[in-house]
Amino acid sequence: MPELPEVEMVKNVTAPQIRGRRIEKVALERRDVIAHPAPDDFVELVTGRAVTGMGRRGKFLRFFLDDGAEMVLHLRMTGRLLVVPPEFPAEKHTRAVFSLSGRLQLRFADLRRFGRFWLLQKGEKDCTGMDKLGPEPFDAGLTSVWLKERLGASRRAVKTCLLDQRVVAGIGNIYGDEILFAARIRPTRAASSLSRPEWERLTRAIREVMRFHVEQIDVSAEEFLRGRGTEYRNTPLLKVYGRDGDPCPVCGATLQRAVVGGRSSVFCPRCQKRRETKVPSLRQGAAEKMKDVR
DNA sequence: CCAACCCCCTGAACGC
DNA sequence: TGCGTTCAGGGGGTTG
């Protein structure tokens, strides 16, 4: 479920608690929580190693180990990570428990069981999919020129493009809607139909919306634990996601819902126009079939 | 290359 | 109350 801001927060809460600690024991409640290598090998390779630090790439969490290996975790929809003392009551849906030095446990719980761990040994070729990710929203290389270059010829809906992790890493369905609202672009618009100013608004919105939410989701370890690893949903801050039928916070028009690329999308029909208001640069033959629907 | 569909799972919310 | 349906914020795979 979590997207970039939530994963970043999980990393920020978890890293200081486990940094420097040694993994003394690994208990897998479900073996299929390990994607790579074979579960027994994973346990053997991880046991005895110390965690030197954590990182994030897109929605992937990274745990750097003292032998140069890297443990990777993707929370997918419902994964939760908790750092607790061993006597702390067990969570429902616990899938893996890492016993750490200093009487602490790193626990992974995951209702829907989509979450996965990988272990990459030092120098091992990536098999997590991280290597296919596009730039982070805050990368200097993510410019409107680059985005237009990358997507300008695509007829896919711009919302679909935003959710494509190979384009930009870390955006999911929630922030996809929020970004498009901030950029005043309708999710259904074909990427190829965006104007220069729209590419610029979109690029700015990607950075600013993600930055805003990363800053807002600043939760302490105590708060996080109180919420059992789910207390990062800052719904009050979301302007359109999940607010289908509510008035637009900017203009008051009724927010609408549409399905784009199979994902539910909410937008403001007035702020996010179906097409550019300015004269769209006419390109020969490209968008021929679009008859002009009013 | 791309849309559409299926799959992986479980539980909450909703309609009857 | 009970039961069936639909939906959920992730991603990978196949098909046409």
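Keep in mind that this is a model prediction, so the values were computed, not measured. Numbers restart at 1 for each chain; the letters A, B, ... are given by sequence-line order, proteins then strands.
A:Phe98 has its ring centre less than 6.0 Å from the ring centre of A:Phe117.
Nearest heavy-atom pair across A:Asp110 and A:Leu75 is OD1-O, 4.5 Å. Scanning both residues, A:Ala169 and A:Arg57, for their nearest heavy atoms gives CB-NH1, 3.6 Å.
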Checklist outcome for this item: Per-nt protein contacts along nucleotides 6-12 of chain B (heavy atom under 4.0 Å; B base, S backbone sugar-phosphate only, - none) come out as --BBBS-
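At the heavy-atom level, A:Thr160 lies nowhere under 4.0 Å from the strands shown.
Comparing A:His74 and A:Gly262 by the nucleotide of DNA chain C whose heavy atom lies nearest to each, the residue mapping closer to the 5' end is A:Gly262.
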Next on the checklist: Assess the residue pair A:Arg156 and A:Asp164 against the criterion (salt bridge (charged side-chain N to carboxylate O under 4.0 Å, His left out)); give the C-alpha distance rounded to whole Å, side-chain angles, the decisive distance to 0.1 Å, and a yes or no.
Outcome noted: CA-CA 11 Å; A:Arg156 306 167 84 193; A:Asp164 186 340; 3.1 Å; yes
Item to check | Pair A:Arg22-A:Asp66, salt bridge (charged side-chain N to carboxylate O under 4.0 Å, His left out): steps then yes or no | outcome: CA-CA 9 Å; A:Arg22 198 163 293 282; A:Asp66 62 355; 3.5 Å; yes
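Following rounding to the nearest Å, A:Met77 (CE) and C:dG12 (C1') show an atom-to-atom distance of 14 Å.
In terms of modelled atom types and a separation under 3.5 Å, the side chain of A:Lys59 and the main chain of A:Ile171 share a donor-acceptor contact. Not a single donor-acceptor pair under 3.5 Å links the side chain of A:Asp40 to the backbone N or O of A:Val43.
Here the straight-line distance linking atom OG1 of A:Thr52 with atom CZ of A:Arg19 works out to 8.5 Å at 0.5 Å rounding.
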Item to check | Intra- and interstrand pairs of DNA chain B - dot-bracket, Watson-Crick/G-U under 3.5 Å, | marks other strand | outcome: .|||||||.|||||||
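Separating the P atom of C:dG13 from that of B:dC9 is a span of 16 Å, rounded to the nearest Å.
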